[in-house]
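All remarks here apply to the structure that follows.
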Amino acid sequence: MAPDDSTDALVDGLVRSAFQIMGVLTRLGAERELSLTQLRVLGILRDRSPRMSDLAAFLGLDKSTMSGLIARAERRGLLTRGTSPEDKRAVVVLITDEGRALVQCLYEEGKALLAPATGRLDPEQREQLAQLLEPLLSPPLSAPARPERPVRGMP
C-alpha cells in the first residue's frame, strides 16, 4: 500500500467513525434539546475552565454566539460564568454540578449506544485503538481560520 493510500484509508476511517459518533451525539443531544455545539462545550468543560474568549476561538464561534450559547446553558443550570484567578478582567466558563451530572449521564448513554461497534473489538484491540488515537487527538486541533471568500466579481 502506497503512503497516500494508507493516509486516504485513515482519513476515510476517521470521517466514517466521526459520522457514526456524531449520529449518536446528535441523538443524545436531541433527547435533551442540546445541539452538537452545546454538547462540545459541556465535554470541554468537563475537566477545564477556559476563558470565554478561548472557548469561542477553539469552537470557531464569535463572541456574541458564544455568549448566547453560555447564557442558554446558564438558564438551564448547566454552566456558570466566573472570573479568572489569573486575570480578574477575564471571564471563565464553569460547569455546574448539574452540568457535570448530565455529562456523566451522556457519557454512559453514549458508551451504551456505541457498544455494538466497540464490542466488535476485543479488550486488547480497544486499548490499542485508544493508544493509536491519542497522538491524533492530543492536543486537539483548533478551529481553522476561515478563509475569506472573494466578493463576486472581485479576485
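Note that these values count all heavy atoms, side chains included, but never hydrogens, waters or copies made by symmetry. This structure is a prediction, so every number in the text was calculated from the model and none was measured.
- Residue Arg46 qualifies as open at atom CZ: its count of foreign heavy atoms under 6.0 Å is 12 or below.
- For the residue pair Glu124 / Gln128, no side-chain donor-acceptor distance below 3.5 Å is found, with atom types taken as modelled.
- Note that CD1 of Ile95 is 5.5 Å distant from CZ of Arg100, once rounded to the nearest 0.5 Å.
- Between Met52 and Leu55, every side-chain heavy-atom pair lies at or beyond the 4.5 Å cut-off.
- When atom types are taken as modelled, the side chain of Arg72 and the backbone of Gly68 share a donor-acceptor pair closer than 3.5 angstrom.
- When the side chain to side chain donor-acceptor pair (under 3.5 Å) test is applied to Ser35, the partners found at least two apart in sequence or on another chain are Gln38.
- For the pair Leu14/Leu133, a side-chain contact is recorded, criterion being any heavy-atom separation below 4.5 Å from C-beta on.
- Within a 6.0 Å sphere centred on CZ of Arg126, other residues, nucleotides and ligands contribute more than 12 heavy atoms.
- Side-chain contact, Glu98 with Thr96: no donor N or O sits under 3.5 Å from an acceptor N or O.
- Between Lys111 and Thr118 the shortest side-chain heavy-atom distance does not fall below 4.5 Å.
- Side-chain heavy-atom separations under 4.5 angstrom define the hydrophobic clusters, and Tyr107 shares its cluster with no other residue.
- With Glu109 contributing its side chain and Leu106 its backbone, the two residues share no donor-acceptor pair below 3.5 Å.
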Practice problem: Assess whether side chain to side chain contact (heavy atoms under 4.5 Å, CB included) is satisfied between Leu42 and Leu34, documenting all intermediate values. | Solution: CA-CA 10 Å; Leu42 288 169; Leu34 295 168; 4.1 Å; yes
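- Inspection of the Asp62 and Thr65 side chains reveals an N or O donor paired with an N or O acceptor under 3.5 Å.
- In this structure, Val92 belongs to a hydrophobic cluster whose other members, linked by side-chain heavy atoms under 4.5 Å apart, are Leu94.
- In this structure the side chain of Arg40 reaches within 4.5 angstrom of the side chain of Phe58, judged on heavy atoms.
- Looking only at side-chain heavy atoms (C-beta outward), Ile70 and Glu74 come within less than 4.5 Å of each other.
- Residue-environment remark: CD (Glu31) exceeds the threshold of 12 foreign heavy atoms within 6.0 Å.
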